[in-house]
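Shown next, in structure tokens, is the structure this report addresses.
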Amino acid sequence: MRKPKPKKTLVLLFCTIILCFVLCNRTPQADRIFTNGHIITMDEHMPEAEAFALDEGFIIDVGTNAEMREAYPLAEEVDLGGKDVMPGIIESHGHMLNLGRSEMRIDLQGVNDPREVVQKLRDRVAETAPGEWIDGWGWDDGAWKEQMTAISHELSAVSPDNPVWFAGLHGYNGWANAKALEMAGITKETPNPEGGKIYKDAGTDVPTGILANAAQGKVTRLMPPLTVGQREKAFEIAGEELLKNGLTSVHEARTTRNDLDALRSLKTKKKLKVRYYVMLDCTDKELIGPYLQNGPEIDPDNWLTVRCIKIFQDGSLGTRSALMLEPYSDAPDVLGVTTTSQEEIERLTTRSLQAGMQVATHAIGDRSNRITLDAYEASIRAVPGAKDHRLRIEHAQVVALEDIPRFKELDIVTSMQPPHATSDMPWAEDRVGPERIKGAYAWRSFLDADVRVPFNSDFPGETLNPFYGMYAAETRQSPEGKPEGGWYPEQCLTRKEVLHAYTVESAYSGFEEHIKGRIAPGMLADFIVISDNILTIPSKTLLSLKVERTYIGGQLVYSRNAEK
Ligand SMILES: [Zn+2]
């Protein structure tokens with residue numbers, strides 16, 4: 001065979017380079033185009049489309065089938081078969097570790113028969129070695145405290161040799177058996193710790209086992225901590241659950257040092273399942289210290305970003321530990337509890353703003369919200385350079401009406417949970433009375449005041465199914481359609497507003513609106529294929545809407561067909 005002449009080779013090479021240059025310029029690359037869908041983009045420039053193109057995990061173009069085929073002739077084509085597609089939903093306040101663990105612990109959610117609780121414990125004792133801890137989770141600590149107290153003796157009697165801890169659904173109360181109380185040294189004489197309460201029998205003073213807020217630590221600190229391996233497992237289990245429900249990102253609303261270690265380890269192993277936005281537990285000074293010095297840790301791969309400090313100001317409405325301006329309507333001596341003082345919130349917020357970290361403060365009661373607003377206001381004034389601070393209040397559940405405009409004035413991101421309204425509506429008005437209820441779960445009032453409101457579920461206290469949350473936000477009814485016309489229906493939102501709150505606003509609340517929440521050029525290719533047209537289906541149909549497929553970074557990570 002004759003060797004090509006060097007001159008000829010050079011010419012050939014030159015031509016190839018020119019051709020490449022022309023082709024590359026004319027034909028931007030895409031690895032895949034998704035065509036023949038009904039794409040709900042959440043992008044105001046093009047709200048609906050037929051097709052989009054992806055490259056290296058990002059969306060690079062959106063338009064008609066013909067436009068995508070013409071622009072990317074070399075790309076692989078995926079036929080969506082006329083299905084509805086929307087951006088991956090962002091859970092902007094959830095608790096992944098608790099969700100995963102709830103699968104590993106005795107599940108008491110929705111249990112209404114006290115005998116069933118006793119039976120579940122008896123079964124678990126039978127398969128547990130003496131001395132080993134048993135933990136359960138999910139009894140309704142808002143509504144079920146009396147029932148739990150009534151079976152306290154019986155529960156302790158079936159578990160004489162195992163310490164038992166049953167955490168409440170909302171996390172503000174837990175129940176310990178006699179063995180656990182004994183190990184914690186809790187007796188008739190033990191006084192309430194600061195910020196907590198040890199419930200005792202009115203006649204005998206014997207502790208009932210129910211411990212509220214800070215008192216829970218007396219027992220929980222005795223429990224052996226989960227290993228990193230156990231944590232990783234819990235995060236993985238939770239991640240699978242999210243993908244099934246169409247959630248592609250989560251804001252982990254109280255991350256401990258051990259949790260962060262587990263998340264980092266999962267990231268290294270490429271096993272994170274969903275994208276994380278971490279809110280660090282502010283009570284761990286060693287954990288938050290470096291971030292208050294050096295600022296956020298924004299992941300260039302967009303899987304694990306650490307940018308927020310989580311503070312708890314008060315407790316919960318159900319347990320009357322939410323901090324109120326005036327006493328509870330159904331407990332005239334009770335005002336609620338303070339978990340973090342105004343001075344401490346201000347101090348932490350000022351340092352966070354200086355470092356470029358975000359702060360998210362849990363505030364449920366009207367006094368708690370005011371304290372947090374006051375603290376934020378002082379910090380914003382102290383750090384005038386922090387223009388785009390996006391300070392968050394989590395829940396803003398009961399707010400004095402005159403405080404609502406302050407959320408706008410201070411530009412506070414108000415992170416709310418529609419399922420809380422529908423869960424609490426049977427008793428919320430008993431707690432706060434007919435006047436204060438007007439500022440409760442008042443998302444319409446916030447939107448009317450031009451406040452930014454991301455929606456989320458705060459799972460696992462509530463179902464993580466975002467379509468249930470959407471239903472709750474627009475109907476303010478139970479799944480059975482009660483009450484007729486909705487609970488304080490003037491606070492209902494439209495479908496468009498609700499979808500916006502679960503996507504674009506939730507992305508904004510984590511400084512990620514440039515990469516998440518829409519199907520548009522430059523966005524991460526996180527999207528879901530759903531069973532119906534979410535723009536037009538009646539509210540009730542949201543409850544049966546299914547996620548068919550979930551994609552993260554353009555990769556198929558969940559398919560309902562495969563599961564079946
Ligand atoms: Zn929470």
Side-chain angles (χ1 to χ4, degrees), residues 89-102 109 137-142 167-174 212-214 216 220 234-235 238 241-242 245 247 249-256 259-260 263 274 276-284 307-319 321-323 336-337 339-340 345 358-365 368-369 372 391-398 412-424 441 443 453-466 468-469 472 501-502 505-506 509-510:
I89 298 170
I90 300 161
E91 170 66 43
S92 46
H93 179 132
H95 300 273
M96 293 293 275
L97 190 85
N98 295 351
L99 177 67
R101 276 196 75 203
S102 66
Q109 273 185 103
W137 171 87
W139 63 278
D140 189 339
D141 53 323
L169 184 63
H170 306 290
Y172 304 112
N173 293 274
N213 295 303
Q216 299 180 82
T220 55
F235 281 122
E241 273 306 298
L242 264 63
N245 283 277
L247 298 159
S249 285
V250 64
H251 296 193
E252 173 67 10
R254 182 194 220 167
T255 311
T256 65
D259 297 344
L260 191 55
L263 289 173
V274 293
Y276 283 77
Y277 181 84
V278 165
M279 300 184 184
L280 297 170
D281 180 356
C282 77
T283 60
D284 185 342
R307 191 171 184 165
C308 185
I309 307 282
K310 175 75 186 288
I311 302 175
F312 282 78
Q313 205 293 316
D314 66 349
S316 75
L317 195 64
T319 59
S321 53
L323 191 63
V337 301
T339 306
T340 310
I345 297 174
Q358 186 186 42
V359 173
T361 303
H362 164 118
I364 301 255
S368 178
N369 276 277
T372 308
L391 293 175
R392 293 171 57 153
I393 288 188
E394 302 302 305
H395 313 304
Q397 214 169 78
V398 184
I412 305 305
V413 175
T414 309
S415 155
M416 302 183 84
Q417 301 71 34
H420 281 171
T422 45
S423 291
D424 300 356
Y441 317 89
W443 40 78
V453 181
F455 276 159
N456 46 64
S457 74
D458 196 10
F459 65 71
E462 300 284 352
T463 170
L464 71 162
N465 177 354
Y468 172 74
Y502 276 98
E505 288 302 315
S506 284
S509 70

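Note that ligands are numbered from 1 as they come in the structure, with each ligand's atoms numbered from 1 the same way. Atom set for the values below is all heavy atoms of this structure, side chains included, hydrogens, waters and symmetry mates excluded. Start at 1 with the first residue, then count along the sequence. For clarity, every value in this text was computed on a predicted model and none was experimentally measured.
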Atom name in D458, limited to N/O/S, at shortest distance from the Zn ion (ligand 1): OD1
Given Q397, Q313, H395, H93, the one that forms side chain to side chain donor-acceptor pair (under 3.5 Å) with H362: H395
Of V250, V274, L263, L99, the residue whose pairing with F235 passes side chain to side chain contact (heavy atoms under 4.5 Å, CB included): L263
Spacing of OG belonging to S321 relative to CG belonging to D141, to within rounding of 0.5 Å: 8.5 Å
H395 backbone or side-chain N/O/S under 2.8 Å from the Zn ion (ligand 1): no
Whether H362 has an N, O or S atom under 2.8 Å from the Zn ion (ligand 1): no
Candidates Q417, H170, H95 - the one meeting side chain to side chain donor-acceptor pair (under 3.5 Å) with D458: H95
